Amino acid sequence: MTKAVSQPISLGMAPAARRRIDGLLRALRRHPSLAVGAAILTAIIFVTLFPQLFTNFNPVLMSIRDRLQPPGPLHPFGTDQYGRDILARVLYGGRYSLVMGAVPIMLAAGAGIVLGLIAGYYGGWADALIMRVMDVWVAFPIILLALAIVTVLGPGLVNIMVAIGIAWVPYYTRMVRGVVLGMRNHSFVEAARVIGMGDSRILTRHILPNTLAPLIVMSSMGVAGAILTGASLSFIGLGPQAPTPEWGVILADGRQFIRLAWWIGFFPGVAIALTVLGANLLGDGLRDWLDPRMRV
Amino acid sequence: MAPRPQPHRNLLLLAALVSALSLLVAACGGAAPAQPSAAEPSAAPVAPPPTTVAATSVAAAPEATTKSRLVFSGNQEPASIDIVTMSGNVNERQVAGQIFETLIYMDQSQTLYPGLALTWERSDDATIWTFTLAQGVKWHDGTPFNAQSVVDYFNYVRDNTVGTGPGQIKPVLGSAEAVDDSTVKLTLTAPRPDFLIELADPGLGIGNIANLQKLGADAGFNPVGTGPFKFKEWVRGSEIALVRNPDWAWASPMFKLSGPSLIEELVFRFTPEAQTRLATLEAGEVDFVDMLPFPDVARVREDDRFAVTGFLLPGMPQMNYMNTTLAPTDDINVRKAIIYATDKQGIIESVYFNMVEPAYGPLSRAFPEYDPALEKLYSYDPEQAMKLLDEAGWAMGADGVRTKGGTRLEVTIVENKSWNDWVYVLQANLQSVGFDAKVLTTQGPSNTEAVVSGKYQVPAMGDVFAAASQMTRDWHSEGFGTFPSGHFLKSAELDAMLKTAETELDPAKRKQMYSDIQIYIMDNALMVPIFELYFYAAHTNNLKGFIVDGTGFYKYFASAYFE
Amino acid sequence: MASYLLRRLALTVPIILGIVIMTFLIVQLIPGDAVSAMQGQLKMSAQQMEEMRQALGLNDPLHVQLGRYLAQLAQGNLGRSLFGAQPVALLISSNIGATIQLTLAAMLVAIIIGVPLGVFAAIKQGSAWDVIATTTAMLGVSIPAFWLGLMLIQLFAVTLGWLPITGDRGLRGLIMPAVALGVAEAAIITRLTRSSLVEILGLDYVRTARAKGLIERAVVWQHALRNALLPLLTMIGMQFGTLFGGAVIIENVFSRQGLGALATQAVINRDFPVVQGCVMVAAVLYVLVNLLVDVLYAVADPRIRYG
């Protein structure tokens with residue numbers, strides 16, 4: 001769905017590619033939240049993938065002599081009770097939080113797509129059954145459902161991701177089903193049936209692509225929510241265990257030193273807020289760009 | 001598009017105020033606070049050595065009290081306070097210890113006093129114990145307490161599932177007999193020289209079996225005892241309230257009281273988070289705070305309003321077992337290397353703010369049986385550790401982890417969350433000499449599971465007990481697979497030494513036997529000793545007269561008063 | 001109206017039943033077993049553990065256990081805690097009040113901050129004020145509530161000493177937890193208020209009202225606001241669950257007793273009956289709150305009742 005470009009930018013590229021890039025640039029300019037969100041996330045992903053570029057310190061190496069140093073030139077974020085550099089821990093710990101955001105959403109989206117497609121496309125008792133189950137599923141507050149699942153599975157990074165993923169399934173299911181319902185009776189779907197195209201072809205070639213836009217938007221917001229939920233569960237001790245420098249874990253550490261060393265708890269919180277902000281801005285911007293009236 | 005409406009002034013003002021407020025809230029949440037005015041020096045303060053409370057027997061009977069309500073803050077709400085069936089964790093014992101009474105009492109100077117038992121006798125081989133009971137004792141519900149009550153208690157413990165308190169003596173209970181209304185004859189199945197000390201444990205208060213049988217599971221929150229405080233109510237999640245027992249006329253001489261306690265209401269609150277617990281003391285909400293966080297001890301000590309007492313807890317010091325049935329800790333050289341690699345002093349400084357002392361073996365130095373020779377056996381010597389590992393064939397790899405024949409030198413340390421904070425330093429210590437050391441964090445029930453499973457090489461542990469003979473439960477092979485045993489070395493020799501020492505009546509011989517045991521354990525490197533556990537408690541300066549028990553941990557408030 | 005109520009109620013019952021069954025099933029997925037989890041508390045031999053399993057009925061087939069669970073539930077029996085055998089129903093009922101109090105207080109904070117801010121942003125749509133307001137809202141939604149709570153404690157309790165550190169007891173102790181929990185909610189309300197108000201301000205009947213010459217304030221307050229607030233009502237119902245869940249974490253941060261503290265301790269202890277009870281009660285509450293919201297909505301908007 002590219003729009004006509006009035007002043008093509010000639011970079012020696014094929015016209016179609018040029019138009020796409022122009023469209024993208026125009027979108028970024030027109031929707032600042034998209035640009036800012038994407039920029040923040042990209043920066044954070046980069047920094048957490050290559051922390052060694054930004055700090056020389058080892059995040060788990062203890063140095064008892066240097067413990068509880070306030071932020072200063074040598075340790076911009078200070079050190080914790082074992083002398084570990086907080087900046088290093090925050091940088092190296094980012095990957096866990098990002099993963100805790102992305103994986104549950106992918107799991108939930110996967111399950112949600114399958115369930116939503118079945119419910120929306122086939123209707124009937126499958127739809128009724130799935131939707132009633134989703135109604136029940138959605139009644140559980142996400143954190144409590146995740147808590148219950150973690151009780152059963154035990155604490156740990158993987159288990160938290162599974163728990164959060166399970167909690168998010170009904171939201172994706174409902175959304176996908178909504179899209180499918182809206183499209184089910186479109187003429188081209190009828191036409192496809194008439195010419196004998198199989199259900200699965202119809203689903204994958206016609207219906208699924210149309211779920212993509214709301215799916216992406218919901219996922220961006222979902223990642224934001226999952227990072228927050230994951231950090232919260234980690235904070236109360238149900239996530240990755242020390243000395244893994246996951247942000248929620250560092251924050252929990254910082255709690256006992258709230259009087260002595262406020263910086264231990266402060267910086268990981270800022271990191272979480274920044275990452276979540278980026279994801280939210282991105283999601284907002286994507287929605288504005290793709291379809292401002294999208295109800296996600 | 002319709003022309004935009006002109007903003008109405010009042011609406012604008014209101015919205016501006018609100019948004020300013022919300023901005024302020026958000027900004028305060030996000031801005032870096034200025035250096036707190038009560039900033040602590042970032043280096044660990046050089047603290048005075050830990051103090052041990054002198055024998056706290058009350059000088060004279062307290063006359064009056066300025067305040068009749070005492071609020072105590074522990075760290076976790078009990079699950080049950082029925083003395084017989086409760087699990088027996090420290091908070092449960094603390095509360096139950098005020099409601100129920102033991103046959104014997106022991107204060108921190110290790111002096112024994114009569115309790116519900118006025119006099120006692122034992123057979124030469126320490127298997128038959130006869131107690132004469134105090135007169136006129138009544139249960140809180142008015143029913144009389146007599147020898148039959150005690151017999152019922154012992155028989156119940158022998159025949160049923162009970163908590164860790166009575167569970168201690170359960171294995172040796174033979175039969176109990178009420179010779180007459182106030183005499184009990186107890187026959188044990190094995191000699192137990194330290195039996196009296198065991199009976200003084202607050203977890204071994206005599207429980208009301210009739211009440212237990214009547215209420216079943218509900219007895220846990222409707223306890224009926226004989227002690228100075230009666231159960232009043234339990235506001236779940238908030239507090240347990242006890243009231244003075246006005247009929248209490250049979251106080252143990254340890255309390256130097258001839259009548260009921262001066263404290264009318266004794267309230268127990270529980271705050272799991274250490275900083276918050278401390279804050280409630282400083283805010284004046286509670287009078288007594290147990291388990292002060294180590295970083296704050298020095299500071300609270302400086303505060304005129306409070307008195308801080310440190311208790312050295314006798315028992316097995318904080319340590320790590322080394323599992324002798326699992327590779328690589330099945331190799332004694334690896335185990336010794338672990339001991340040499342451990343920086344006890346670093347742990348004491350960084351994690352415990354110099355508020356504890358190094359330990360050297362399986363028995364605390366509070367015991368007369370402690371052998372100082374242990375202090376010479378090992379030292380902090382990473383080079384020696386590396387040498388031992390080299391000699392054992394573990395070659396250092398490029399990634400800093402040693403390997404032998406393709407296997408990595410991997411160990412897992414098991415942590416009971418918030419009780420074993422030193423394990424992270426231990427992990428770092430081990431990693432620096434070439435171990436791939438992991439920490440498995442567990443808590444409560446999952447910790448028990450992990451330790452008894454025998455699947456991990458280096459579980460962290462500690463134990464509190466008042467008599468050296470109780471170390472058997474930590475070291476004898478019959479304890480494998482039950483908490484808290486963790487070394488799994490099936491040594492007939494060690495087993496025999498433990499059993500013999502337990503029943504040895506001659507003190508000089510006992511001392512020698514326990515010396516041998518301690519040396520055996522350290523020579524065979526079955527454990528990594530870390531530090532002697534001190535627990536600090538703080539209370540308002542005007543609270544006096546409470547008595548600390550023989551373990552140094554539990555407080556009795558019967559004789560407490562406010563100046 | 002009555003038929004609408006009945007219809008809604010009839011829909012609620014199967015959902016509540018579904019909640020109960022789902023909660024029951026989750027706990028059945030335990031790899032270990034409730035009895036082996038108790039080993040550290042009571043020294044039991046293998047024989048005694050087996051007896052306890054029999055007594056707790058853990059060896060019966062699934063549907064039998066479910067049937068028993070439902071029967072007990074009908075009598076108000078939620079089982080007993082695995083640690084201390086206190087009745088779960090009692091534990092929950094004595095703790096739930098504090099959590100509901102916190103949830104409502106947070107919602108109040110959120111409304112007080114969010115609605116005016118949203119109205120302001122809508123009126124100032126497109127201007128710099130709007131951008132500031134919406135960005136603040138964005139930030140509010142992104143800040144982790146538990147971190148905000150810690151920072152509030154750091155500032156107001158430790159440094160300034162104005163408020164108590166513990167969130168327990170009384171109104172003063174409720175302020176910081178309610179704010180920490182309410183900020184994210186306020187942000188959501190701001191956005192929703194703004195977007196629905198913006199939509200309405202552009203609608204025909206608003207234009208008609210303006211054309212008729214009613215003064216600006218009347219236009220905004222009476223017509224637009226009331227209609228903009230209806231979706232807000234629905235949103236509040238839906239958000240009740242999120243707030244309640246958030247309260248669980250905030251209670252932990254402020255050492256405030258409540259369902260959250262009960263549940264998190266139970267999770268750590270793997271005290272399944274308690275966790276089961278808490279989660280189920282929370283979900284049922286959510287359904288009931290939404291039922292209430294729907295009824296209120298029907299009262300406010302006749303189209304729903306008769307539609």
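What you are looking at is a predicted structure, and each value in this text was computed from that prediction instead of being measured. Note on naming: letters A, B, ... go to the chains in the order of the sequence lines (proteins, then strands), and numbering restarts at 1 for each one.
Taking C/Pro14, C/Gly18, C/Ala145 one by one and counting their heavy-atom pairs under 4.5 Å with chain A, the maximum is reached by C/Gly18. Contact count against chain C (heavy-atom pairs under 4.5 Å) is highest for A/Gly269 among A/Pro155, A/Gly278, A/Gly269, A/Ala146. Between chain C and the residues A/Ala148, A/Ser232, A/Ala252, A/Ser33, the most heavy-atom pairs under 4.5 angstrom are made by A/Ser232. With chain C as the partner, the residue from A/Ile227, A/Val150, A/Asn280 showing the most heavy-atom pairs under 4.5 Å is A/Asn280. Chain C forms more heavy-atom pairs under 4.5 Å with one residue of A/Ala279, A/Gly254, A/Ala273 than with any other, namely A/Ala273. Looking only at heavy-atom pairs under 4.5 Å with chain A, the residue among C/Thr134, C/Thr242, C/Val267 that has the most is C/Val267. The candidate from A/Val133, A/Ile142, A/Leu281 with the greatest count of non-hydrogen atom pairs under 4.5 Å with chain C is A/Leu281. Among C/Val275, C/Val287, C/Asp271, C/Ile21, the residue with the largest count of heavy-atom pairs under 4.5 Å with chain A is C/Val275. Options C/Cys278, C/Gly246, C/Ala266, C/Gly241 differ in how many heavy-atom pairs under 4.5 Å they form with chain A, and the most are formed by C/Gly241.
Of the inter-residue distances, the one linking A/Leu274 atom CG with C/Ser142 atom OG reads 9.0 Å to the nearest 0.5 angstrom. Once rounded to the nearest 0.5 Å, the distance linking CD1 of C/Ile249 with OG1 of A/Thr229 reads 8.5 Å. Between A/Arg259 atom CZ and C/Ile153 atom CD1 the span is 10.5 Å, to the nearest 0.5 Å. The distance from the CE atom of C/Met280 to the CG atom of A/Leu144 is 12.5 Å, given to the nearest 0.5 Å. The CE atom of C/Met22 sits 7.0 Å away from the CG atom of A/Leu145 when rounded to the nearest 0.5 Å. A distance of 5.5 Å separates CD1 in C/Ile26 from CZ in A/Phe140, rounded to the nearest 0.5 Å.
Of all heavy-atom pairs between C/Val141 and A/Val276, the closest is O-CG1, 4.4 Å. Of all heavy-atom pairs between A/Arg255 and C/Ser255, the closest is NH2-OG, 4.2 Å. Between C/Ile19 and A/Ala139, the closest heavy-atom pair is CD1-CB, 3.8 Å. Summarising the geometry of A/Phe266 relative to C/Trp147, their closest heavy-atom pair is O-NE1, 3.1 Å, with the distance given to 0.1 Å. Closest heavy-atom contact between A/Val136 and C/Ile15: CG2-O, 3.7 Å. Scanning both residues, C/Val253 and A/Phe235, for their nearest heavy atoms gives CG2-CE2, 3.5 Å.
The shortest side-chain heavy-atom distance between C/Met138 and A/Val36 does not fall under the 4.5 Å cut-off.
Neither the backbone nor the side chain of A/Ala224 comes within contact range of chain C; no heavy atom of the residue lies under 4.5 Å from a heavy atom of that chain. Looking at A/Leu238, the atoms closer than 4.5 Å to chain C (heavy atoms on both sides) all sit in the side chain, from C-beta outward.
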Kindly indicate, with the supporting measurements, whether the criterion side-chain contact (heavy atoms from CB on, under 4.5 Å) is fulfilled by C/Val279 and A/Leu147. CA-CA 9 Å; C/Val279 170; A/Leu147 267 184; 5.6 Å; no
